[in-house]
Amino acid sequence: MTSILGIETSCDETAVSIVDDGRDVRCNLIATQFDRHAKYGGVVPEIASRAHIETLDGLIRKALEQTHRDYRQIDAIAVTQRPGLIGSLIIGVTAAKTLAWTWDVPLVGVNHVHAHATSAAIDLESDPWPAVGLVVSGGHTSLVHVRQYDDIELLGATTDDAAGEAFDKTASILELGYPGGPVIDRRAQNGDPSAIRFPRSMLHPESLDFSFSGLKTAVLYHVHGTGKTSGGLSKLTERDIDDICASFSAAVVDVLVKKTLLAVARTGVGTVVVGGGVAANSMLREGLSRECRARGLKLHLTPMAYCTDNAAMIAALGHQLLVRGCRGALDMAASANFGP
Ligand code: KG4
Ligand code: ZN
């Protein structure tokens, strides 16, 4: 048996997990920093880094205690190395390097988006590759071609806002609170998705990149009037808000589904996997299920516990990379960028 300790600190969640043999998740601890950022309306990088420093050590200790493990029963350390907030990543990478050195075990650096893209495999009995991976979260919207755990190609990404960010900003326009995805999802279920025809930005018809900032502006002008940024919200009924939530969700989901199918056609694969926080969205889950079924494609949606940022996906992918010979050196650097 191989036990991997996974560490995730790329944004505003400190997470630690212990995974045996790449699939057996023994513990999956997540400390959110939600309260520390809420009053600023978004993640403040400096506050995030400090919170990781305060929380990480205790969380690692708790993971060992919960699994009744001694550090000598940990065979390797996997850590999110990129992409993300650089200050936050440095905390996790420094902790991982320190533990790898003192415990004398191998270290592996993991790409956070690759981990989201492969997280659907954690609960599967066998690997689903090759597959197109759709990663939709608060920070990322990417399409990747997963040929194998160590052979993942980026096919397209957002050129501006991430899908989750679009949900959060729309919720903020409608004063529905943060994070916006879950509440918009709930309100959308009572609304009419065809009530308002919001724009579907495809960029170029063949492009696998995304753009959601125009949609956010369309919602803003729909609420307040063209060219205005305030004054309109009080005129809307609860029913109007439900319709905006449903119509906005339909616009996001349409683009995500169309581009995923385009990526499938381009790569010739027969399987789609979906990860990231927005993978929890009911309209997206229904839309992808319907379209994949109609085309005879296999669809694997990541289990909810591994959709939002977590370290189980880091440890699981770390295991697969270690098995394939990947090793991080003790001078491994964190990077804010997506990388090769
Ligand atoms: O993966 P994640 O934790 O993102 C990053 O940290 O980058 O996902 C969080 C994002 C938020 O933007 C949240 O609004 C969105 O996922 N989200 C949803 C739903 N649940 C969470 N978006 C749409 N529908 C949902 N049900
Ligand atoms: Zn993420």
Side-chain angles (χ1 to χ4, degrees), residues 11 13 30 32 34 113 115-117 119-120 123 131-144 156-158 160-174 176-196 198-202 210-216 218-219 241-264 272-294 297 299-310 313:
C11 189
E13 254 110 29
I30 302 170
T32 61
F34 186 73
V113 176
H116 273 306
S119 58
D123 273 2
V132 158
L134 173 67
V135 177
V136 270
S137 75
H140 311 283
T141 305
S142 312
L143 275 166
V144 295
T158 186
D160 41 55
D161 293 350
E165 204 177 343
F167 274 93
D168 296 335
K169 287 181 176 169
T170 293
S172 153
I173 293 169
L174 297 171
L176 295 176
Y178 178 87
V183 58
I184 290 189
D185 193 350
R186 218 167 33 248
R187 301 281 307 239
Q189 286 166 29
N190 303 320
D192 174 4
S194 55
I196 308 136
F198 285 127
R200 274 87 169 138
S201 171
M202 297 300 285
F210 300 88
S211 167
F212 292 111
S213 66
L215 174 58
K216 173 193 64 193
V219 174
I241 292 178
D242 289 347
D243 284 347
I244 294 172
C245 289
S247 301
F248 161 81
S249 303
V252 175
V253 168
D254 258 12
V255 174
L256 293 176
V257 172
K258 278 207 182 87
K259 292 202 181 248
T260 303
L261 296 174
L262 189 61
V264 167
V272 173
V273 295
V274 189
V278 184
N281 183 264
S282 32
M283 213 184 270
L284 179 63
R285 292 173 96 87
E286 278 160 31
L288 280 171
S289 303
R290 188 177 54 245
E291 298 301 326
C292 287
R293 204 177 317 116
L297 299 167
L299 173 67
H300 298 294
L301 297 161
T302 297
M304 299 299 258
Y306 312 132
C307 269
T308 48
D309 284 348
N310 67 89
M313 67 179 189

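Residues: numbered from 1 along the sequence shown.
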Answer yes or no: is there a side-chain heavy-atom contact under 4.5 Å between L176 and C245?
yes

Is there a side-chain contact between F212 and T170 (heavy atoms, below 4.5 Å)?
no

Is there a donor in the side chain of D161 and an acceptor in the side chain of S213, or the other way round, less than 3.5 Å apart?
no

Taking C-beta and beyond as the side chain, do L288 and L134 meet within less than 4.5 Å on heavy atoms?
yes

L215 and S201: side-chain contact (heavy atoms from CB on, under 4.5 Å), yes or no, with the steps?
CA-CA 8 Å; L215 174 58; S201 171; over 6 Å; no

For T141, does its backbone N or O pair with a side-chain atom of T158 as donor and acceptor, under 3.5 Å?
no

May I ask you to say whether K169 pairs ionically with E165, meaning some side-chain N is under 4.0 Å from a carboxylate O?
yes

Heavy-atom distance under 4.5 Å between the side chains of S289 and L299, does that happen here?
yes

Flag side-chain contact, heavy atom, 4.5 Å: K216 against I173:
yes

Is the closest side-chain heavy-atom distance between D242 and D192 below 4.5 Å?
no

L256 and F210, any side-chain heavy atoms less than 4.5 Å apart:
yes

Contact between M202 and V255 at the side-chain level, heavy atoms closer than 4.5 Å - yes or no?
yes

Mind listing the closest non-hydrogen atom pair of V135 and V113 along with its distance?
CG2-O, 3.8 Å

Taking only residues at least two apart or on different chains, which pairs with a member in residues 246-262 satisfy salt bridge (Lys or Arg N to Asp or Glu O under 4.0 Å)?
R200-D254

Quickly, which of T302, D309, N310 forms a side-chain hydrogen bond (donor to acceptor under 3.5 Å, both in side chains) with H116? Name it, please.
D309

What are the two closest non-hydrogen atoms of F248 and F198, and how far apart are they?
N-CD1, 3.6 Å

Testing the basics here: between V257 and G287, what is the closest heavy-atom pair and its distance to 0.1 Å?
CG2-C, 4.2 Å

On a heavy-atom basis, the closest approach of G191 and A246 is C-CB, 3.6 Å

Please test T308 against E13 for side-chain hydrogen bond (donor to acceptor under 3.5 Å, both in side chains), starting from the C-alpha separation and ending with a verdict.
CA-CA 9 Å; T308 48; E13 254 110 29; 6.0 Å; no

Under 3.5 Å, side chain of D160 to main-chain N/O of S211, donor-acceptor pair present?
no

Show the nearest heavy-atom pair for residues I244 and L174, with the distance to one decimal.
CG2-CD1, 4.0 Å

What one should report as the nearest heavy-atom pair of G138 and A162 is O-CB, 3.5 Å

